[in-house]
**Q** 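For reference, the structure I am asking about is given below.
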Number of protein chains: 2
Amino acid sequence: MKVLLIEDDREIIDAISLAFQIRWPEATLIPTRLGQKGVELVESESPDIVILDLGLPDVNGFDVLRQIRLFSQVPTIILTVRSDEADIVKGLEWGADDYITKPFRQLEFLARVKALIRRQVGAEEELVVFGPLRLDPTTGQLSYSGKEIALTVTESQIMAHLMRNGGRAVTHASLAGAVWGDDYPGAADSLKVHIRRLREKVEENPSNPRLILTRTGIGYFMARPE
Amino acid sequence: MKVLLIEDDREIIDAISLAFQIRWPEATLIPTRLGQKGVELVESESPDIVILDLGLPDVNGFDVLRQIRLFSQVPTIILTVRSDEADIVKGLEWGADDYITKPFRQLEFLARVKALIRRQVGAEEELVVFGPLRLDPTTGQLSYSGKEIALTVTESQIMAHLMRNGGRAVTHASLAGAVWGDDYPGAADSLKVHIRRLREKVEENPSNPRLILTRTGIGYFMARPE
DNA sequence: AGAGGAGGTTACAAAAAGGTTACAGTTTGC
DNA sequence: GCAAACTGTAACCTTTTTGTAACCTCCTCT
């Protein structure tokens with residue numbers, strides 16, 4: 001989970017860093033003190049949420065929000081000392097999703113951040129990554145060395161299992177179990193056909209594989225590509 | 001747009017009714033003074049948003065929220081006199097989306113309601129753009145390679161969903177969920193018919209589509225046109 | 001060298017998924 | 001109030017995916 005913080009006040013940065021460290025250490029905080037830099041970071045880093053201070057030294061905070069909204073719908077919380085109603089309305093109408101006034105309370109702040117992230121649709125979309133291979137197990141979309149390869153459901157399950165154990169051998173039983181459940185007699189035959197089909201999709205020469213390798217008597221394993 | 005208000009204080013009901021009448025007359029306000037009744041109304045009326053007062057006479061407000069969350073993800077704003085931080089956190093963690101303390105300011109209140117609805121349905125979005133395709137989801141008007149194509153409401157929802165995920169596969173479940181909600185048995189049949197109708201409108205040869213492509217076992221995806 | 005095991009390769013058929021069409025119930029616009 | 005448009009259902013057809021089985025190749029062990 002990536003959180004972009006656009007804020008110039010060192011005290012606030014520290015307070016928020018601390019809050020995340022204590023309450024939500026698995027989140028990555030990307031801080032910047034400049035609004036312009038912030039807009040660029042939204043594009044380059046694709047954060048899951050943006051926290052934007054309206055009182056920046058270089059540019060007007062509303063402008064930053066407007067620029068972000070030109071190309072991104074990233075959830076954005078506005079943070080400011082002003083508690084003026086007109087500002088709140090303006091911020092929300094311009095596309096902010098929430099609004100917190102300083103001084104804020106640590107727990108409320110984090111609760112709002114989490115409530116907003118929960119609302120996001122693709123928030124739980126997880127990718128299986130192994131070296132240069134990236135697989136989206138829900139769609140069966142595999143990216144590998146610039147190519148986009150479409151896998152079927154079964155292929156995707158096998159591939160995900162191999163990638164999650166990337167580098168280590170996976171037994172036939174474990175692989176078959178992940179796809180067909182533990183006791184299905186035909187699995188052995190079916191598996192070798194599916195391995196072939198996978199190799200035809202990902203290997204340069206399917207009969208001389210460099211990625212999905214055989215461990216005779218054991219199972220298969222995925223070699224880390226150079 | 002339906003707004004369910006669960007509130008017992010006559011003054012607050014009046015204040016909110018007035019705010020809606022003046023600022024947002026096209027919204028329908030459904031008021032109830034009982035928490036239990038409120039839960040039933042969420043089910044029977046399917047409101048677009050719920051405003052829930054925690055200080056109800058018959059039941060505890062948190063219980064009402066919990067009961068609603070058992071079957072519905074409707075956006076919910078909690079309204080209360082308590083400004084105690086623990087309550088705010090508790091409310092948000094239990095699934096509320098926003099929290100406003102009384103006394104509240106009319107404009108801020110409405111801005112928060114609208115911001116919540118907007119991030120719920122993406123209603124604010126004027127245009128969905130993908131490559132040379134431009135879709136106005138509010139009117140169903142689609143421009144594509146010089147042609148102006150009128151889509152029906154359902155078609156437009158499906159198209160928008162595909163375009164927003166342009167290039168990436170979208171699962172049947174996600175597509176159907178976006179149109180008919182999450183558990184509607186007939187969705188699978190209906191979806192394939194709507195896909196056909198869309199293809200008849202946008203494809204040169206609907207039986208050999210180049211834009212709306214199938215991922216068997218997964219769903220559909222929109223190919224980036226050259 | 002030959003037998004046996006393990007996995008590879010291919011072809012084909014069954015099953016699942018999706019495509020196509022027609023029709024009927026509803027809603028919408030005049 | 002009627003015609004047109006929209007939507008969902010169902011029946012039937014086509015394509016894709018999956019599983020099965022036969023045969024092949026390679027390696028090992030005797």
Side-chain angles (χ1 to χ4, degrees), chain A residues 138-142 149-159 162 169-181 183-222, chain B residues 137 139-142 149-159 162 169-181 183-222:
Chain A
T138 61
T139 64
Q141 195 74 18
L142 176 73
I149 302 167
L151 303 183
T152 70
V153 183
T154 314
E155 285 161 5
S156 164
Q157 287 180 84
I158 294 173
M159 196 68 180
L162 287 171
V170 185
T171 63
H172 291 121
S174 145
L175 217 35
V179 182
W180 297 282
D183 32 28
Y184 168 50
D189 275 344
S190 213
L191 182 58
K192 51 185 188 183
V193 173
H194 279 290
I195 290 288
R196 169 64 179 187
R197 287 173 181 153
L198 267 175
R199 284 171 173 164
E200 270 170 0
K201 289 191 179 178
V202 303
E203 303 278 1
E204 214 162 299
N205 177 358
S207 295
N208 188 9
R210 327 206 119 266
L211 203 55
I212 303 172
L213 304 184
T214 303
R215 261 302 171 62
T216 304
I218 312 280
Y220 298 92
F221 73 104
M222 180 152 288
Chain B
T139 64
Q141 194 70 210
L142 176 74
I149 303 166
L151 302 184
T152 70
V153 184
T154 314
E155 285 161 6
S156 163
Q157 287 180 82
I158 294 172
M159 196 67 180
L162 286 171
V170 185
T171 62
H172 291 120
S174 144
L175 217 36
V179 181
W180 297 283
D183 31 29
Y184 166 51
D189 275 342
S190 213
L191 182 57
K192 51 186 189 183
V193 173
H194 280 288
I195 289 287
R196 168 65 179 185
R197 288 172 181 154
L198 268 175
R199 283 172 172 163
E200 270 170 359
K201 291 190 177 177
V202 303
E203 303 277 1
E204 214 162 296
N205 176 358
S207 296
N208 188 9
R210 327 206 117 266
L211 203 56
I212 302 173
L213 304 184
T214 304
R215 286 296 307 284
T216 305
I218 314 273
Y220 297 92
F221 73 104
M222 181 152 288

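Residue numbers begin at 1 in each chain, while the letters A, B, ... track the order of the sequences. Just so it is clear, the model here is predicted, and its values are computed rather than measured.
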**Q** In this structure, how many angstroms lie between the C1' atom of dC6(D) and the CD atom of Gln157(B), rounded?
**A** 13 Å
**Q** Between Ile195(B) and Thr214(B), is any pair of side-chain heavy atoms under 4.5 Å apart?
**A** no
**Q** Is it true that atom CD of Glu204(B) has more than 12 heavy atoms of other residues, nucleotides or ligands lying nearer than 6.0 Å?
**A**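 Atom CD in Glu204(B) is not packed in, count stays at 12 or less.
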**Q** Any side-chain N or O of Thr154(A) less than 4.0 Å from the OP1 or OP2 oxygen of dT18(D)?
**A** yes
**Q** Can you tell me the distance, in whole Å, between the CD atom of Glu200(B) and the P atom of dA22(C)?
**A**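 Rounded to the whole Å, the gap is 11 Å.
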**Q** Looking at Tyr220(A), does any N or O in its side chain come under 4.0 Å of the phosphate oxygens OP1/OP2 on dG8(C)?
**A** yes
**Q** Does dG5(C) have its OP1 or OP2 closer than 4.0 Å to a side-chain nitrogen or oxygen of Thr216(A)?
**A** no
**Q** Could you state the CZ-P distance from Arg199(A) to dG7(C), rounded to the nearest angstrom?
**A**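 Taking CZ of Arg199(A) and P of dG7(C), I get 11 Å after rounding.
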**Q** From NZ of Lys192(A) over to P of dG8(C), roughly how many Å is that when rounded to an integer?
**A**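 It works out to 8 Å between those atoms.
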**Q** Between Leu191(B) (CG) and dG18(C) (P), how many Å, whole number?
**A**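 It is 9 Å, rounded to the nearest whole Å.
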**Q** So, is His172(B) close to the dG18(C) phosphate, meaning a side-chain N or O under 4.0 Å from OP1 or OP2?
**A** yes
**Q** Can you check whether Arg197(A) has a side-chain N or O nearer than 4.0 Å to OP1 or OP2 of dT17(D)?
**A**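 For dT17(D), OP1/OP2 do not have a side-chain N/O of Arg197(A) under 4.0 Å.
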**Q** Asp189(A) CG to dC12(C) C1': how many Å, rounded?
**A**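 Going from CG in Asp189(A) over to C1' in dC12(C) covers 14 Å.
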**Q** Students often get this wrong, so: under 4.0 angstrom with heavy atoms, is Val193(B) touching a base, only sugar-phosphate, or nothing?
**A**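 Val193(B): base contact, heavy atoms under 4.0 Å.
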**Q** Can you see if the side chain of Tyr184(B) gets near the phosphate of dT9(D) - specifically, an N or O under 4.0 Å from OP1 or OP2?
**A** yes
**Q** May I ask you to evaluate whether Trp180(A) reaches the phosphate of dT18(D), defined as a side-chain N or O under 4.0 Å from OP1 or OP2?
**A**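 No, outside the criterion.
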**Q** With a cut-off of less than 4.0 Å, is there a side-chain N or O of Arg196(A) near OP1 or OP2 of dT9(C)?
**A**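 Yes, because at least one side-chain N or O of Arg196(A) sits under 4.0 Å from OP1 or OP2 of dT9(C).
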**Q** Answer whether the closest heavy-atom distance between the side chains of Pro137(B) and Gln157(B) falls below 4.5 Å.
**A**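 In short, these two side chains do not touch, never coming nearer than 4.5 Å.
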**Q** Calculate the interatomic distance between Asn205(B) atom CG and dG19(C) atom C1'; express it in whole Å.
**A** 13 Å
**Q** Hey, could you give me the CD1/NZ distance between Ile149(B) and Lys201(B), rounded to the nearest 0.5 Å?
**A**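 One gets 8.5 Å once the value is rounded to the nearest 0.5 Å.
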**Q** How long is the straight-line distance from CZ of Arg199(A) back to CD of Glu155(A), given to the nearest 0.5 Å?
**A**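 Those atoms lie 13.0 Å apart.
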**Q** Count the heavy atoms of every other residue, nucleotide or ligand shown that sit under 6.0 Å from CG of Asp183(A), and state whether that count exceeds 12.
**A** no
**Q** Whole Å only: how far is the CD atom of Glu203(A) from the C1' atom of dG8(C)?
**A**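 Going from Glu203(A) (CD) to dG8(C) (C1'), I get 14 Å.
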**Q** Pro185(A) or Arg215(B): which one's nearest nucleotide on DNA chain D is closer to the 5' end?
**A** Arg215(B)
**Q** Please determine if a side-chain N or O atom of Thr152(B) lies less than 4.0 Å away from the OP1 or OP2 oxygen of dA5(D).
**A** no
**Q** So what does Ser190(B) hit on the nucleic acid, given a heavy-atom distance under 4.0 Å: a base, only sugar-phosphate, or nothing?
**A**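 Base, at least one base heavy atom under 4.0 Å.
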**Q** Does a side-chain N or O from Ser207(A) land closer than 4.0 Å to OP1 or OP2 of dT9(C), or not?
**A**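 Affirmative; the distance criterion is met.
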